[in-house]
Amino acid sequence: MKRIYTLLYIMTTVLLSVVAQPSAVKKSAKGILKITTFKADGTLLATGYGAFIDPEGTAITAWTPLKGAASAIVIDGQGQKFNVDCLYGASDIYNIARLRVKKEGKQRITPITIEQGQQTVGADAWFANYDVKAPQFSKLTTNKVETFMNDMPYYIIEQENGAITDAHAGSPIINSKGELMGLVNTSNTRTDIYAASARFAMTLKPTALSTNNNTLRYTSLRIALPTEYNQALLAMMIASQKNDSLNYPATVEEFINMFPDKEDGYEYKATMLTDRHNFAGADEAMMKAIDVSTSKDNAHYYYSKLIYNKIELMPNVEYAPWTLDKALTEIDNAISIKATPLYQITKGQILFAQTKFQEAYNEFQKAYRSEPRNAEVYYFAYQCLKNMKAEKTQQLEMLDSATVHDPKQLLYLSEKALLLMRMNRATDAIDVAHQAITIAPDYAEGHGLLGLALCMTGNKPTGIAELKRAKALGYPQADAFIATYTKQPEPPITKKK
């Protein structure tokens, strides 16, 4: 009989701890969520818990289930299912992440308000055990309150039976007002529960370099863009180079939604669509950019550059509306609004592609007169002069300017060495080739040009040795030069008996 009374007492105590919670605590049940993550192959990875903190779909959850995740879904306390859209940030130390879900149709989210103050030692707290049909709240007592990041509370709650384990990671801890104190974090060595202030999650914000963050690099979920334009633009540039076909399109759309009057987002979208050979979609994106952009000259420039790059890089893929004439029209539109060296260089490149070398040269002249430190424009001007068969001294003048402004550019040095040899100045070409090899000791063309110049000055043994080294490094013309400067021995004459 004594055992029965004891059992009844325990059951009553447990029942009271679960059921007798304030109405404000009970109302928070709709904002509790369960998160399920998946690997890249679609198989189950992990589960965890958390809470929605605003009606737009922002939530905080445990971080551990997101490690190694390629996708994730969330089910809230009302049974609504959401796909996770992106991560704002995460902390491995406090096992917490802030993310956003995609809302569909008439879905409505009931968030839990984040506690702005802090609880005192001995204050009641409630552990929220997720269940769509019958969520349970177990009463706990705040045993210790520490602070971190100056004024944020860090709660330590003792539990005697250890019923709350790492399987409950991310479950909300609620105060008597129904406010979110933090998320459950457990220890491998103690039965205590730890909860960093939910306010800390609001400090987890994306930056331009978030994709290289030591914590976030362990997940494949999409990282949100920073809210500041320049930071978001840098993040977009990094994202465009990662070749992430799963997340990149959504990142582009997010940028456009955040900055609808900036042409950059449309240009990224158009480039992405062009790479997929969706030229009509790319064209539509650029027309939209021109229509809404506050920098219409830049929008016209992007459009022109897109067309030019497509023609140069995909010459065998037909798209009739995009021609060099169309690219020229668009860059002229940009120049009519604001003439800049960049736009003039682009016009020169288009004219060069049309074999209008004199007109192209004129544009490059305008550009380097406006921006004399741009080494590339001198090289472009040299190419025009070369195709026009202009005086070699004039060509050399352009290459000299290019190498002055960019003395480590191997292409410029190689062209200069070749030109000097065509001008019968092989000794000067040797010096230029040495410059290239000093910069890049394994530069095959540098050794090849050095070998050729040495041979031209009569130093064939050393020259042929350099040509052989160039051949070993992969210089394709080495064999032809070696054959030219190596005297084949005469075949022996055999006497007839």
Side-chain angles (χ1 to χ4, degrees), residues 297-298 301-302 304-305 308-309 312-313 324 327-328 331-332 334-335 338-454 456-457 466 470 475 477:
D297 60 302
N298 210 26
Y301 159 71
Y302 281 149
S304 174
K305 196 71 174 174
Y308 170 76
N309 286 340
E312 289 293 299
L313 300 176
L324 288 173
L328 190 60
I331 200 62
D332 279 336
I335 291 171
K338 183 191 296 182
T340 70
L342 177 62
Y343 300 166
Q344 290 159 344
I345 290 171
T346 300
K347 182 174 181 178
Q349 289 175 315
I350 296 167
L351 290 166
F352 186 92
Q354 293 179 315
T355 67
K356 298 176 181 177
F357 302 121
Q358 182 62 62
E359 293 179 54
Y361 178 71
N362 294 342
E363 292 301 320
F364 294 136
Q365 275 190 314
K366 293 176 188 176
Y368 69 65
R369 285 170 181 165
S370 300
E371 181 51 72
R373 293 170 296 178
N374 189 331
E376 187 180 45
V377 74
Y378 291 105
Y379 179 74
F380 291 151
Y382 154 74
Q383 289 286 1
C384 292
L385 293 171
K386 180 181 175 182
N387 278 276
M388 288 190 291
K389 295 181 171 48
E391 290 291 329
K392 290 184 176 63
T393 53
Q394 192 179 3
Q395 296 178 39
L396 184 60
E397 183 182 342
M398 291 296 107
L399 283 176
D400 281 338
S401 296
T403 53
V404 164
H405 293 292
D406 192 353
K408 294 185 178 181
Q409 175 54 258
L410 299 177
L411 174 62
Y412 304 164
L413 293 172
S414 294
E415 287 284 353
K416 186 175 178 179
L418 279 170
L419 178 59
L420 287 166
M421 283 186 270
R422 289 198 295 270
M423 297 173 71
N424 295 318
R425 293 172 57 180
T427 302
D428 294 330
I430 290 172
D431 293 336
V432 175
H434 273 301
Q435 291 178 43
I437 293 169
T438 302
I439 295 166
D442 292 331
Y443 182 43
E445 188 166 348
H447 287 284
L449 294 174
L450 176 59
L452 180 59
L454 287 166
M456 289 176 68
T457 59
E466 283 295 327
Y475 185 52
Q477 294 170 285

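Note: hydrogens, waters and symmetry copies are ignored here, and every other heavy atom, side chains too, is used. A quick note: this is a predicted structure, and the numbers were derived from the prediction, not measured.
The line from CG of L399 to NZ of K386 is 9.0 Å long, rounded to the nearest 0.5 Å. Rounding to the nearest 0.5 Å places OH of Y443 at 10.0 Å from CD1 of I437.
When all heavy atoms of V432 and L413 are compared, the closest pair comes out as CG1-O, 3.2 Å. The two residues Y368 and A381 make their nearest non-hydrogen contact at CE2-CB, 4.2 Å. Contact detail for F364 and I345: the closest heavy-atom pair is CE2-O, 3.5 Å. Considering every non-hydrogen atom in both V377 and A367, the closest pair reads CG2-CB, 3.6 Å. The minimum heavy-atom distance linking E376 with Y412 is given by the pair CA-OH, 3.2 Å. Contact detail for T403 and D400: the closest heavy-atom pair is OG1-O, 3.0 Å.
Put simply, the side chain of S370 reaches to within 4.5 Å of the side chain of Q344, judged on heavy atoms. In this structure, the side chains of K356 and I350 stay at 4.5 Å or more apart for every pair of heavy atoms.
In summary, the aromatic rings of F357 and F352 are positioned with their centroids under 6.0 Å apart.
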Between H405 and Y378, is the ring pair (Phe, Tyr, Trp, His ring centres under 6.0 Å) condition met? List the steps.
CA-CA 9 Å; H405 293 292; Y378 291 105; 5.6 Å; yes

Between D297 and Y343, is a side-chain hydrogen bond (donor to acceptor under 3.5 Å, both in side chains) present by the stated rule, with each step listed?
CA-CA 9 Å; D297 60 302; Y343 300 166; 2.7 Å; yes

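Side-chain atoms of E391 never come within 3.5 Å of backbone atoms of T393 as a donor-acceptor pair (strictly under, hydrogens ignored).
Residue-environment remark: CD (E397) stays at or below the threshold of 12 foreign heavy atoms within 6.0 Å.
Between D428 and K416 no salt bridge is recorded (no basic side-chain N to carboxylate O distance below 4.0 Å).
Checked against T346 for a side-chain contact (heavy atoms from CB on, under 4.5 Å), the options L351, I335, I331 give a single hit: I331.
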